[in-house]
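See structure below.
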Amino acid sequence: MELGFYFFMKELPKAYSPQNYESGIYKQWEDSGFFNPDNLNYQGEPFSISMPPPNATGILHLGHAVMLAIQDLMSRYWRLRGRRTLWLPGEDHAAIATQNVVEKKLYKEEGKNRFDYGREEFMHRVNEFVNNSRSTIKDQIKAMGASCDWSRERYTLDEGLSRAVKEAFIRMYNDGLIYRGKRIVNWCYRCGTTLADDEVEYKEQKTPFYYLKYGPIIIGTARPETKVLDKVIIVHPDDERYKKYIGTSFDVPWIDGIVRAQVVADKIAKIETGTGAMTITPAHSFVDFELAQKYGFEIVEIIGPDGKMTQNAGKFAGLNVKEARVAILEELQNKGLVERIDNDYIHNLSVCYRCGTAVEPLPSEQWFVAVDKPFRRRFFKKITLKKMALAAVKEERIKIIPERFIKVYEHWMNNLHDWCISRQIWFGHRIPAWQCQDCKEWQVIASRPTKIIFSRHGLTDWNKKERIQGDTNIPLDESEIELIYKKAYELKNNDIQVIISSPLMRARQTANIFAEVIKAPIIVEKRIKERYYGTFEGKLVAELKQDHPDYYKNKLSYHVAEAESYQQIKQRLIPWLSEVVIKFQGQKVLIVTHNAIMRTLKWMIEGGTEKELSEFKPRFDEPLQYELIGSCKKCGSWRMKQDEDTLDTWFSSSLWTFSTLGWPGKTKDLSTYHPTSVMETGYDILFFWVARMILMSAYCLGDIPFRTVYLHGLVRDKQGRKMSKSLGNGIDPIEMIGKYGADALRLSMIIGVTPGNDFRLYDEKIAGYRNFVNKLWNIVRFANLTTELKVMEVPPEPKTLADKWILSRFSKVADLVTKKIESYSFSEAGETLYDFTWHELADWYLEITKIEGRKQEILSYLISQLLKLWHPFMPFVTEALWQETFGNQAGLLIVQLWPKNLPAIDNKSEIEFTSVQDIIISLRNYRAEIKLDKKIKVKFCLVGKILNKNEEMIISDLRTGAEYDSSIAEKYSKKVDFKDFNLLIS
RNA sequence: GGGCGCUUAGCUCAGUUGGUUAGAGCGUCUGCUUUACACGCAGAAGGUCUGGGGUUCGAGUCCCUAAGCGCCCACCA
């Protein structure tokens with residue numbers, strides 16, 4: 001009779017093997033397209049997360065694994081809740097870090113440094129390397145089960161982001177918030193670049209501390225090599241010891257001869273510190289630099305950017321810092337100027353956060369972001385960047401979890417100095433600034449690698465227009481103007497920065513219309529015959545004339561436009577007008593001119609021969625190889641040179657939340673998904689990244705980049721040590737996934753972990769969660785063996801006490817889990833579910849199922865709903881079980897809807913069931929206590945409580961080895977007191 | 001020099017706004033081929049919540065204070 005029934009039952013393998021499922025399931029998800037919210041027909045509020053982009057060179061480490069686990073949890077949860085969920089992935093080019101990696105690799109393999117290769121070749125090598133590692137890290141992100149939308153994947157160096165970077169830079173420059181100035185900066189010799197203040201780390205170091213006789217005054221220093229030219233002594237105005245010297249000056253026998261020293265009083269000198277007197281070195285100390293500016297002291301560099309003493313250091317010139325220190329000390333000793341040496345001095349050595357080399361403060365001309373400079377925004381009062389960024393958090397537009405980081409953020413922001421954003425490395429966004437080599441004027445303009453677009457859109461309309469023969473000096477008529485406006489609006493979002501127009505009337509008129517709509521300046525070139533050498537096009541033409549006199553003479557007219565080989569262009573462009581967007585001096589330029597000039601330009605640019613030109617077929621998608629050089633706005637010189645430097649990597653990442661969604665420009669993605677819902681990242685990059693995103697978003701959009709910041713802690717090893725390559729204690733997440741499965745790894749980083757607190761991770765912990773994953777597997781396996789399961793969305797009618805209990809419990813658990821997830825208490829949510837699944841559902845309810853028989857509906861309901869609740873935590877096993885159990889018709893678990901019709905809460909049944917549990921536990925205890933042989937049955941009865949048949953059956957069958965016997969009341973051997981009744985056992 | 005965090009069972013950690021008897025996992029001990037799972041089942045032992053003081057009817061939780069550990073920030077020459 002049961003045969004037909006058995007036929008439906010599924011038998012799953014005894015243990016869950018993640019390796020057999022994970023990659024296949026990920027592929028199914030990817031193929032389904034559901035990671036992309038456009039493919040979800042959800043109308044609800046959007047939910048979006050910008051994935052903190054891992055370094056493009058890196059391999060996945062546990063820090064990434066944590067962020068992926070948490071972000072995927074949120075993404076999957078909200079997707080199940082029916083929100084349009086976008087989790088946007090990407091990679092960071094990580095300028096210095098990446099360049100260092102590649103430099104090291106190349107030096108090891110080929111023994112050359114980056115200068116041996118040259119910029120172009122070196123960049124080629126870096127990009128090659130990055131392309132490889134980018135795909136590695138992507139595969140690893142996928143292995144974690146991350147449900148991010150790969151169709152929107154971005155890279156900080158891709159075209160769109162580069163555009164955003166330039167846009168931000170230019171806007172800030174125009175607002176006076178980016179300036180170039182000579183200031184003291186942190187300089188790393190090894191990396192050969194500046195660093196931002198927060199890119200400098202401090203290491204405590206025991207250094208000898210020298211007390212030196214500087215004339216009548218003793219000064220202390222840990223760095224005698226910087227003291228060569230010191231000639232100002234600072235003392236506190238109230239310091240009795242030195243009062244008599246204040247304002248005086250005198251000759252001092254010093255390192256390199258006699259110096260004229262003066263004594264200045266300033267409260268910055270602390271009476272208690274050292275000897276109370278200090279000499280200052282304006283060029284190599286931030287404090288001294290400020291003092292020097294305050295009092296107008298001379299700033300002399302004695303250490304150069306190469307780490308060697310400069311010519312100013314006299315006979316020590318050319319020595320590196322270490323050598324100089326030795327030599328100078330020797331000199332001081334010889335002259336008897338060393339008073340004493342303290343060898344136990346603890347010095348805070350500043351080192352580069354990327355390579356650990358000592359960082360030297362030195363004056364240098366760099367680009368800075370002015371964080372304290374008031375500027376006026378449209379419709380707003382004057383405000384500073386710093387104030388904007390502070391207000392966002394102060395006004396609780398941005399919530400930070402855990403809250404204590406609000407104070408940390410505010411403190412950092414309040415003390416932020418102008419941000420040095422230029423780096424002397426090659427890998428990164430080149431600064432969009434050009435300097436005139438003649439008058440030294442800087443010009444800041446947008447650029448990006450551009451393709452010739454030849455107006456590929458809307459050309460049909462243009463083709464309708466009859467060709468106007470000959471005269472280009474006829475003004476445009478109304479219908480033409482209309483067409484040109486139309487064209488202009490098409491080109492509007494194309495990031496065109498400059499329009500170059502031929503001087504001919506129609507072209508100029510057209511250019512004016514473009515300029516009006518696109519809001520870009522026009523450069524009107526003179527007539528060809530009037531061109532002069534000073535402009536670039538003039539130069540081009542002149543060269544052309546010289547090198548190809550025949551061609552120039554005969555072909556540079558619109559007759560060329562009629563040549564047969566030119567047919568294709570002719571078909572695509574209005575005859576008297578070519579509009580072409582090219583990369584011009586690095587900026588995107590729209591050229592409005594007539595065909596002949598355009599063709600000539602293209603020909604020049606591509607370096608074609610005359611023969612090739614005659615056979616020329618326009619190619620529409622190839623980027624131009626040539627950068628046109630524009631002329632200086634101030635002096636007209638064409639000798640413009642782009643700044644060699646690149647931008648701080650954090651400059652581009654600070655735009656990440658919106659640059660990835662299409663900014664600049666008003667894209668649908670930007671308006672839909674920004675501000676993003678949550679920024680989830682480690683607290684260690686609160687300053688580097690989170691703070692800067694708030695700052696830049698406030699500036700660029702006048703908006704917050706995210707509503708909530710969730711900061712997770714750092715992963716440590718079993719001993720609580722930071723994981724590091726040198727210690728070799730790093731756990732490879734990929735290895736752990738192979739060993740225990742991605743789900744287990746994810747659980748181990750979510751349960752028992754609280755935001756902002758570091759936590760330890762080790763094999764046994766992951767193995768524990770692997771066990772749990774397998775438990776869930778077996779719960780479903782068991783259910784499948786006993787009955788035929790189906791997806792049930794509406795809670796079934798409970799029949800027995802156990803049914804009522806488990807449904808009521810499930811209801812409470814589902815509700816609590818929902819609340820906990822929404823309040824970012826992921827650990828508690830997971831713990832609650834874990835406990836319910838294992839210790840209520842499996843330990844009690846499934847055991848009772850074995851007694852009470854088939855539970856098709858209740859198990860169907862519980863399992864289908866429980867898999868949803870677990871899915872954000874462990875997507876693979878839940879999806880595997882869902883599909884194994886419910887088959888294809890049920891669809892993918894990833895797009896089911898979160899349980900909403902929860903069973904009724906039944907507190908009365910819960911209490912009743914709890915007392916049944918208590919009785920069972922007492923009976924089991926009793927057996928265990930007296931070590932009763934399992935074959936021996938005990939008898940029990942109750943005083944003050946009446947059991948029904950069902951309860952009696954459960955109690956006796958649930959491995960208590962007990963049977964109900966009311967007659968034992970007189971001769972019981974153990975009595976257990978409960979609140980309302982007693983249990984008697986015999 | 002400022003600021004912050006941590007100190008809860010042998011180990012690793014939870015404990016939301018103060019509320020019955022302080023929880024989990026691992027480990028330990030005892031016993032189990034039980035219609036799923038030994039990656040398992042049934043039990044057990046183990047905590048004066050770092051010390052001291054205070055507020056309160058009531059404190060792991062709030063306040064003060066001391067100590068140890070750790071982190072972040074800072075211009076000690």
Side-chain angles (χ1 to χ4, degrees), chain A residues 11-16 197-198 201-202 209-210 219-223 226-227 230 233-234 268-270 272-281 285-291 345-348 361 402 404-405 407-408 411-412 415 417 683-684 686-687 713-714 716 718 720 722 740-741 744 748 751-754 756-762 764-765 767-786 819-820 823-825 827-828 830-831 834-835 838-839 842-843 846-847 849-851 853 920-921 924-929 931-934 958-961:
Chain A
E11 176 135 10
L12 295 171
K14 278 186 118 173
Y16 171 60
D197 295 347
D198 51 333
E201 283 176 358
Y202 296 92
F209 189 77
Y210 307 94
I219 57 153
T221 184
R223 301 209 48 197
T226 64
K227 300 277 160 204
D230 284 10
I233 303 163
I234 306 281
I268 198 158
K270 299 277 173 287
E272 324 76 53
T273 312
T275 59
M278 61 178 184
T279 60
I280 62 165
T281 314
S285 149
F286 285 87
V287 202
D288 296 1
F289 185 79
E290 270 175 42
L291 277 173
Y345 181 73
I346 305 289
H347 180 68
N348 246 350
R404 65 184 142 91
F405 282 101
K407 266 168 92 176
V408 182
H411 181 257
W412 184 82
N415 291 297
H417 299 295
Y683 65 78
D684 54 327
L686 177 65
F687 305 140
L714 272 39
R716 298 175 171 276
K718 204 174 177 178
K722 223 171 168 172
Y740 303 112
S748 71
I751 297 181
V753 175
T754 37
N757 287 335
D758 296 355
F759 64 97
R760 305 182 190 198
L761 192 71
Y762 40 87
E764 297 92 304
K765 205 180 223 174
Y769 289 105
R770 185 267 322 265
N771 295 353
F772 176 74
V773 171
N774 191 54
K775 187 74 184 180
L776 181 70
W777 177 265
N778 271 288
I779 287 170
V780 181
R781 171 174 137 91
F782 172 76
N784 269 308
L785 284 172
T786 55
K819 286 193 176 115
K820 291 293 181 190
S823 59
Y824 301 93
S825 304
S827 172
E828 286 180 74
E831 233 178 289
Y834 181 102
D835 194 58
W838 198 319
H839 300 304
D843 289 351
L846 290 192
E847 292 305 317
T849 316
K850 293 175 186 173
I851 299 162
I920 291 168
I921 290 166
R924 285 171 177 170
N925 282 354
Y926 175 72
R927 298 192 67 100
E929 262 167 47
K931 297 193 193 309
L932 205 57
D933 188 280
K934 62 174 299 203
L958 220 51
R959 292 163 196 167
T960 50

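Per chain, numbering begins at 1; letters A, B, ... match sequence-line order. On a predicted model such as this, the values are computed, not experimentally measured, just so you know.
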Checklist entry - Just how far, in rounded Å, is P of B:C71 from NZ of A:Lys722? => result 8 Å
Item to check | Donor/acceptor link under 3.5 angstrom from A:Lys270 side chain onto base of B:C76 | outcome: no
Checklist entry - If every non-hydrogen atom of A:Phe782 is compared with every non-hydrogen atom of A:Leu846, which pair is closest and at what distance? => result CD2-CD1, 3.8 Å
Please name the nucleotide paired to [N] by Watson-Crick or G-U wobble geometry with both distances under 3.5 Å, or report none.
{"N": "B:C13", "answer": "B:G23"}
{"N": "B:G1", "answer": "B:C73"}
{"N": "B:C41", "answer": "B:G31"}
{"N": "B:U7", "answer": "B:A67"}

Next on the checklist: Going by the rule side chain to side chain contact (heavy atoms under 4.5 Å, CB included), which residues pair with A:Asn757 if we only count those two or more places apart in sequence or in a different chain?
Outcome noted: A:Arg404, A:Thr754
Look at the side chain of [X] and decide which nucleotide, out of [options], has an atom nearest to it.
{"X": "A:Lys407", "options": "B:C4, B:C39, B:A74", "value": "B:C4"}
{"X": "A:Arg716", "options": "B:A42, B:C39, B:C71", "value": "B:C71"}
{"X": "A:His411", "options": "B:U34, B:C73, B:G43", "value": "B:C73"}
{"X": "A:Phe782", "options": "B:A42, B:C41, B:A36", "value": "B:A36"}
{"X": "A:Ile268", "options": "B:C75, B:G3, B:C41", "value": "B:C75"}
{"X": "A:Asp843", "options": "B:G40, B:A42, B:C75", "value": "B:A42"}

Item to check | Sugar-phosphate or base contact per nucleotide [nucleotides 5-20 of chain B; S, B, -; heavy atom under 4.0 Å] | outcome: S------SSSSB----
Checklist entry - Is any side-chain N of the basic residue among A:Glu831 and A:Lys820 closer than 4.0 Å to the acidic one's carboxylate O? => result no
Checklist entry - Which is true for A:Asn348 with a 4.0 Å heavy-atom rule: it touches a base, it touches only sugar-phosphate, or it touches nothing? => result base
[N] versus [M] - spacing of their [atom1] atoms, nearest Å:
{"N": "B:G60", "M": "B:U50", "atom1": "C1'", "value": "12 Å"}
{"N": "B:C49", "M": "B:U7", "atom1": "P", "value": "13 Å"}
{"N": "B:C73", "M": "B:A66", "atom1": "P", "value": "26 Å"}
{"N": "B:A14", "M": "B:U8", "atom1": "P", "value": "11 Å"}

Item to check | Straight-line distance of A:Ser748 OG to A:Phe772 CZ, nearest 0.5 Å | outcome: 13.5 Å
Next on the checklist: Heavy-atom count check: over 12 atoms from other residues, nucleotides or ligands less than 6.0 Å from A:Glu847 CD?
Outcome noted: yes
Checklist entry - Under 30°, 30 to 60°, or over 60°: which ring-plane class applies to A:Phe405 and A:Tyr683, parallel, tilted or perpendicular? => result parallel
Checklist outcome for this item: RNA chain B nearest-nucleotide lookup for A:Ala277 and A:Tyr202: closer to the 5′ end is A:Tyr202
Checklist entry - Would you say A:Arg924 and A:Leu958 make side-chain contact, with heavy atoms under 4.5 Å? => result yes
